[in-house]
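For reference, the structure discussed in these notes is given below.
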Amino acid sequence: MRAVAVQAAPALPSGLFDRLVWHWRYNPKLELWIAWYAMVFFYNLFGVVFVGMTRVMPPPKPWWDMPRVVQWFNDNHSGLLVGFGIIFLVSGLTAACNALIGYSMRRMSISRAFAYSYIAIYSVSALPGMLLTAIALTVGAMRPDRDPELIYWLYDMGFMCFIGTMGIFLIGTFVWMIAVLIDKNRVLPKWFGYLNICNLITEFVVATSWVFKQGVFAWNGAIAFWIDTAVFAVYTVAFIVLLMKMIKREDFGDGPLAA
Amino acid sequence: MTEAVATAAGARFVEPDERIGRSNAVDYVPGQTDMWVFVLVEALIFAAYFITYMICRVQDPELYLRSQQRLNVGVGVANTLILLVSSWFMARCVQSAREKRYDVALRQVLSALMLGFLFIGLKLVDWSRMVGEGLELSTNEFFSFYYFLTAIHVLHVLFGMVFLGVAVYQLRSPLRRSQEIVETSATYWHMVDFLWVMIFALLYVIR
């Protein structure tokens with residue numbers, strides 16, 4: 001067991017490579033740190049692909065006519081293919097994020113049902129969260145010779161899925177929120193439990209993007225996209241930092257975690 | 001940690017349950033500080049909504065003014081009074097719990113809860129009247145904001161009612177009775193009230 005092995009571990013060496021080897025052999029939290037770094041790597045890559053490569057964020061205009069949409073696919077042809085190719089390769093990394101969040105709930109003084117529910121719900125979150133969009137827009141980019149009506153349809157489908165389908169996140173966030181608020185082991189702070197309400201409400205707000213094609217409630221609007229994205233960004237940074245602190249505080253016991 | 005130890009350590013912290021019966025003893029932040037952090041974040045989010053609303057409004061003031069006149073101000077005023085009275089009940093509840101008058105505190109939080117139900121009931125009646133008159137989410141930009149802001153607020157009221165339910169649960173048994181939880185619930189409920197006053201002013205009053 002790693003917990004036993006660490007008892008006999010030699011002192012931490014000074015060289016970078018030696019330190020990595022030491023951690024690989026003796027660090028009892030190695031798996032947790034791998035999951036955490038995988039999560040950080042994934043979210044950074046997600047940002048680079050969706051903002052820099054595919055130009056899906058910030059979203060293009062929902063009110064564009066058919067020729068303009070076809071032109072958008074042509075303009076972003078390479079970015080869409082390469083960017084979403086990367087996403088198809090690394091989308092499994094979302095499992096590391098879900099596992100770590102599930103772990104946080106397993107460490108709490110609550111029923112295991114919370115962690116299992118969360119992991120079960122979030123195991124399909126990548127689909128509405130990014131994969132449906134990636135598939136629709138990749139198909140559009142790879143078949144430029146098809147009927148523009150179809151390309152137009154794929155464009156709508158891609159962005160409506162990306163911005164507007166948040167039910168899974170809503171329930172998952174709710175489960176985590178309840179877990180944090182009733183936990184007595186102080187694994188995560190109560191303010192984060194309350195912050196889940198903010199993220200949860202944004203999942204309702206995005207529903208407006210199905211109704212409106214322009215204005216603040218459309219899929220690129222100030223309310224449905226920009227404010228929601230800002231809330232999500234704050235929420236994401238908060239839980240990434242808090243999970244890092246949780247790993248540092250982890251004692252592999254089952255009582256309250258030290259501050 | 002006792003109050004004496006806390007003071008000796010230079011802190012102003014007092015265990016929540018020690019606050020009961022000490023309404024004027026020390027200065028402290030009511031409820032969990034975590035809830036105040038949340039209130040701050042919510043205030044920022046709603047401020048962003050309100051600023052967006054005002055920016056849209058100044059671009060077409062005629063439309064907003066014309067649309068505003070289709071709202072039932074009476075219902076808006078009634079809802080404002082309902083939430084204000086409800087908030088007052090909650091403030092009284094906190095005070096009663098501090099004085100260990102738990103039966104009174106329980107009645108007061110239940111009154112606040114009932115008024116919450118009344119608020120939502122009245123809102124549903126108002127929405128159905130408006131939809132009946134053909135005033136829907138997509139009728140124009142003003143009504144989009146109207147339904148959006150009031151619906152998001154109703155969601156907060158529903159969450160608030162859960163918090164009040166927790167306060168009821170706490171007050172019912174001598175084994176639970178955490179003053180901190182009661183104050184935390186009250187803090188959330190006051191925020192819901194405060195947000196409604198802002199929404200009422202923006203949608204119904206401002207000309």
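Values reported hereafter were calculated over all heavy atoms of this structure, with side chains retained and with hydrogens, waters and symmetry mates removed. We name chains A, B, ... by the order of the sequence lines, and we start the count at 1 in each one.
Minimum interatomic distance between B:L203 and B:F142 (heavy atoms only, all atoms of both residues): O-CZ, 3.8 Å. Of all non-hydrogen atoms in A:I110 and A:A179, the two that sit nearest each other are CD1-CB, 3.4 Å.
Taking the six-membered ring where the residue is Trp, the centroids of B:F46 and B:Y49 are separated by under 6.0 Å.
Interface residue A:I227: only side-chain heavy atoms are found under 4.5 Å from chain B. Both the backbone and the side chain of B:L137 come within contact range of chain A, judged by heavy atoms closer than 4.5 Å. B:F159 touches chain A through its side chain: at least one heavy atom from C-beta onward sits under 4.5 Å away, while N, CA, C and O do not. Looking at B:T33, neither its backbone nor its side chain comes within 4.5 Å of chain A, counting heavy atoms on both sides. Heavy-atom distances place the side chain of B:T52, and not its backbone, under 4.5 Å from chain A. Looking at A:N196, neither its backbone nor its side chain comes within 4.5 Å of chain B, counting heavy atoms on both sides. Interface remark: B:Y147 contributes no atoms to any contact with chain A (heavy atom separation under 4.5 Å).
Geometrically, B:R177 engages B:Y102 in a cation-pi contact defined by less than 6.0 Å to the ring centre and at most 45° from the axis.
Of all the listed residues (A:A222, A:G193, A:C198), the one sharing the greatest number of non-hydrogen pairs under 4.5 Å with chain B is A:C198. The candidate with the highest count of non-hydrogen atom pairs below 4.5 Å against chain B, out of A:T202, A:V234, A:V231, A:V205, is A:V205.
The backbone N or O of B:F163 sits less than 3.5 Å from a side-chain atom of B:S185, completing a donor-acceptor pair. Remark: side-chain polar atoms of A:W36 are not paired, donor with acceptor, to backbone N or O of A:L243 under 3.5 angstrom.
A side-chain donor from one of B:T80 and B:W196 sits under 3.5 Å from a side-chain acceptor of the other.
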